[in-house]
**Student:** 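Please see the structure below; I have some questions.
Note that the structure is a prediction, hence the values are computed from the model and not measured. Here is how names work: the chains are called A, B, and so on, in the same order as the sequence lines, proteins then strands, and each is numbered from 1.
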Amino acid sequence: MRTAPISTPVDGAFVHPVRTDDDLAAFHRWMDCRHIIAVDTETSGLSFQAEARLIQVSDATAAWVFDAQRHPLVVDELANGEFTMICHNAAFDAIVLGRLLADYHGEGLPYPPVVLGREVENLMSRMIDTQVLAHLVDPRPKEDGGRGHALKVLADHYLGAGSVDSQDALKVRFRELGISAKDGFAEVPIWDEVYVRYSGVDPILTFRLYEVLAPMVDELGLTKLAAFEQEVATVCAAMTARGIRVDLDHARATLAHLAEERVAAEREASIYGVHNVHSPAQVAEALLVRGVELTERTEAGAWKMDKAVLSGIDDPVARAVQKAKAASKAASSWITPLIEQAEVDGRVHARVRTVGARTGRMSVHGPGLQQLPTTDWRVRRCLVPDEWQSIVLCDYNQLEPRVIAYLADEQNLITAFRDGVDVYSAIAERLYGVGFPTEKRALAKQALLAKIYQAGPKRLAAQTGVTEVVATQTMNAFDRAYPRLARWSKRLIETCKFNGQVVTTASGRRLPVTRGTEYRAVNHLTQATAADIFKGSIVNLARAGHAERLLMVVHDELVLQADEQVAGEFGEIVTDVMSGVLGEVPISALAKVAGPSWGHPYMPVEFVNA
DNA sequence: TGTGCACGCGCG
DNA sequence: AAAGCGCGCGTGCACA
């Protein structure tokens with residue numbers, strides 16, 4: 001008995017539920033000799049351990065839909081087949097399928113991290129991600145004049161307007177069934193016709209999207225870059241699957257301390273009438289009442305009440321508000337997410353968007369491990385290595401300054417890098433002469449960063465505390481001391497204004513130029529080139545056979561774990577992999593053995609031995 | 001109740 | 001003529 005196919009709003013496309021032996025036989029006849037298919041999964045939610053509900057396999061017109069919990073052999077076939085799998089956001093599906101495989105192989109929760117990582121790596125290595133391809137063709141997010149990279153908008157654009165939105169259709173269906181939008185994906189009956197229809201439509205659109213994007217990728221000269229991104233994504237998906245162990249005892253104890261700190265500071269603030277420290281309007285009001293002069297306004301015209309403003313106000317209200325906000329920030333932005341997002345295995349499995357930024361930089365979320373504070377060591381202290389392992393941190397030395405020196409062919413900077421001297425001191429020396437006052441080093445450093453970010457004197461002044469006049473003099477002196485850098489930036493911006501729609505990095509990565517903000521191209525080119533170098537180190541680490549040691553990536557830093565006894569040597573191996581040259585510019589990295597937690601290098605000495 | 005914007009703040 | 005780039009994510013607040 002065959003189950004009746006379900007029609008779809010997509011032209012010529014049908015969805016075949018696989019519920020009987022005859023359905024399965026028909027699927028196998030369809031699959032025979034295929035070398036490329038689209039794969040998608042539906043889950044009960046978006047968290048790492050969300051339950052798999054449906055698995056969909058398709059070409060451009062036919063989708064086959066499986067009950068994920070009832071078809072172990074299909075998952076095995078996907079994992080061990082010879083075909084390529086097209087997915088939209090492949091890491092998500094690879095992890096869902098990898099967890100199913102671990103289940104079927106009798107691993108059960110919690111999965112051994114390395115086993116799960118290998119399943120995911122194997123699956124990922126045979127997937128092509130249309131989200132990545134779309135990003136390479138046009139990396140602009142919605143908020144930045146682009147389309148973003150959601151399946152729906154990409155289908156609309158590349159396959160013709162009016163494509164169906166499965167998410168919207170499903171939300172309507174959830175409402176019909178009387179289920180909240182939040183719980184819909186967990187509670188909608190597996191064989192609900194609407195659910196199955198739209199679950200099948202997604203891989204069909206993904207397959208069609210691939211057929212359009214693949215030739216574009218080739219025509220734009222992005223074939224090699226796409227393969228490179230694929231390797232990066234494979235390493236990062238396996239890293240997510242393995243996760244990082246959380247010291248939950250330490251996390252809970254820290255949370256309690258932070259609550260005490262917050263309560264004490266809030267009590268202090270409430271004496272002065274501030275009952276909500278997170279309401280800038282209320283804080284401003286309380287300060288004005290106390291006769292404090294406010295000058296800065298926000299974009300929307302309200303009184304600016306950020307850290308920079310508050311720290312410049314000598315008043316108990318400002319101090320109490322800052323203290324309360326700091327404690328609350330640490331608790332709700334980091335410690336609580338670490339506790340809540342730790343899975344049954346006691347680990348966080350942060351996801352990596354390998355093409356997260358429009359520059360090709362990666363971003364991490366769920367939780368956002370790239371933003372953990374460096375000043376409050378208690379937060380990173382919550383993340384610990386596996387048994388008998390030691391955390392090792394390896395980061396590039398001044399990667400972006402080296403990159404911009406290379407791009408601009410600025411010999412006056414390149415010389416400093418080649419000589420291996422402290423580059424910020426070298427800049428200060430060029431600006432202020434031998435024996436410059438030590439505090440000038442920080443100004444010189446910020447001046448270089450200002451060139452990288454295309455900041456002006458106003459910003460440099462605010463950042464460093466010098467007057468705007470001094471900041472202007474500094475920037476001018478910088479341009480005289482590094483004339484090739486100044487000329488390169490100026491020419492790049494002019495070229496972009498004249499005929500620039502897109503600039504490309506050496507890897508071929510496309511960086512669209514937005515009219516009116518052509519100056520950003522200087523930063524985009526620098527940041528994107530640095531991102532390519534960083535990703536190269538990940539690929540090389542994998543090729544050297546050490547990818548399984550990777551715990552997290554933070555823009556120019558690799559967080560790894562290694563056997564305690566060899567952690568120091570391992571750090572050297574990794575920094576060797578990371579190091580190299582960019583033209584004449586040496587690219588170097590430094591390893592640090594952190595030991596029992598990611599937070600240890602950030603602790604004051606008296607804590608380390610305690 | 002859910003959503004989007006403004007603001008703030010952490011990182012590189 | 002002048003321009004601080006790139007993210008994730010929490011709270012407050014207005015509005016559907």
**Student:** Indicate, with a heavy-atom threshold strictly under 4.0 Å, whether A:Thr526 touches base, sugar-phosphate, or nothing.
**Tutor:** nothing
**Student:** Using a cut-off of 4.0 Å on non-hydrogen atoms, how would the nucleic acid contact of A:Asn276 be classed: base, sugar-phosphate, or nothing?
**Tutor:** sugar-phosphate
**Student:** With heavy atoms under 4.0 Å as the rule, sort A:Val522 into base, sugar-phosphate or nothing.
**Tutor:** nothing
**Student:** On the side chain of A:Gln371, is there an atom forming a donor-acceptor pair with the base of C:dC7 - under 3.5 Å, no angle test?
**Tutor:** yes
**Student:** Using 30° and 60° as the class boundaries, would you call the ring planes of A:Phe534 and A:Tyr396 parallel, tilted or perpendicular?
**Tutor:** perpendicular
**Student:** Compare the minimum distances between each of C:dC5, C:dG6, B:dG10 and the side chain of A:Asn523, then state the nucleotide with the smallest one.
**Tutor:** C:dC5
**Student:** Report which part of the nucleic acid A:Leu399 touches: base, sugar-phosphate, or nothing (heavy-atom distance under 4.0 Å, all strands).
**Tutor:** nothing
**Student:** Checking all strands, does A:Lys497 fall into the base, sugar-phosphate, or nothing category for heavy-atom contacts under 4.0 angstrom?
**Tutor:** base
**Student:** C:dG10, C:dA3, C:dC5: which one has an atom nearest the side-chain heavy atoms of A:Pro337?
**Tutor:** C:dG10
**Student:** If you check the A:Arg358 side chain, which of C:dC7, B:dG12, C:dC5 turns out closest?
**Tutor:** C:dC7
**Student:** Would you please confirm or rule out a distance under 4.0 Å between OP1 or OP2 of C:dC7 and any side-chain N or O of A:His365?
**Tutor:** no
**Student:** Any ion pair linking A:Arg358 and A:Glu143 (charged N to carboxylate O, less than 4.0 Å)?
**Tutor:** no
**Student:** Base, sugar-phosphate, or nothing for A:Arg520, non-hydrogen atoms under 4.0 angstrom?
**Tutor:** sugar-phosphate
**Student:** State plainly whether the residues A:Arg173 and A:Glu176 are in salt-bridge range, i.e. N to O under 4.0 Å.
**Tutor:** yes
**Student:** Within 45° of the six-membered ring axis of A:Trp303 and under 6.0 Å from that ring's centre, is NZ or CZ of A:Arg297 located there?
**Tutor:** yes
**Student:** When we call it a touch if two heavy atoms are under 4.0 Å apart, what does A:Gln527 touch: a base, just sugar-phosphate, or nothing?
**Tutor:** base
**Student:** Quick check on B:dC9: is either OP1 or OP2 less than 4.0 Å from any side-chain nitrogen or oxygen of A:Lys325?
**Tutor:** yes
**Student:** Nearest to the side chain of A:Lys329, heavy atoms from C-beta on, is which of C:dG8, B:dG12, C:dT11?
**Tutor:** C:dG8
**Student:** Using the side-chain heavy atoms of A:Ser279, tell me which of these nucleotides is nearest: C:dC13, C:dG6, B:dC7.
**Tutor:** C:dC13
**Student:** B:dC7, C:dG10, B:dC11: which one has an atom nearest the side-chain heavy atoms of A:Ser333?
**Tutor:** C:dG10
**Student:** Heavy atoms from C-beta onward define the side chain here; which of B:dT3, B:dG12, C:dT11 lies closest to that of A:Lys171?
**Tutor:** B:dT3
**Student:** Tell me, do A:Asp315 and A:Tyr272 make a side-chain contact under 4.5 Å, heavy atoms counted?
**Tutor:** no
**Student:** If you look at every strand shown and take non-hydrogen atoms under 4.0 Å, does A:Met305 touch a base, only sugar-phosphate, or nothing?
**Tutor:** sugar-phosphate
**Student:** If you check the A:Lys458 side chain, which of B:dC7, C:dA3, C:dC7 turns out closest?
**Tutor:** C:dA3
**Student:** Between A:Gln282 and A:Pro139, name the one whose nearest nucleotide on DNA chain C is closer to the 5' end.
**Tutor:** A:Pro139
**Student:** Closest approach to the side chain of A:Pro373, judged atom by atom: which nucleotide of C:dC9, B:dC11, C:dA3 is it?
**Tutor:** B:dC11
**Student:** Which nucleotide, B:dG12, C:dA3, C:dG6, lies nearest any side-chain atom of A:Pro457?
**Tutor:** C:dA3
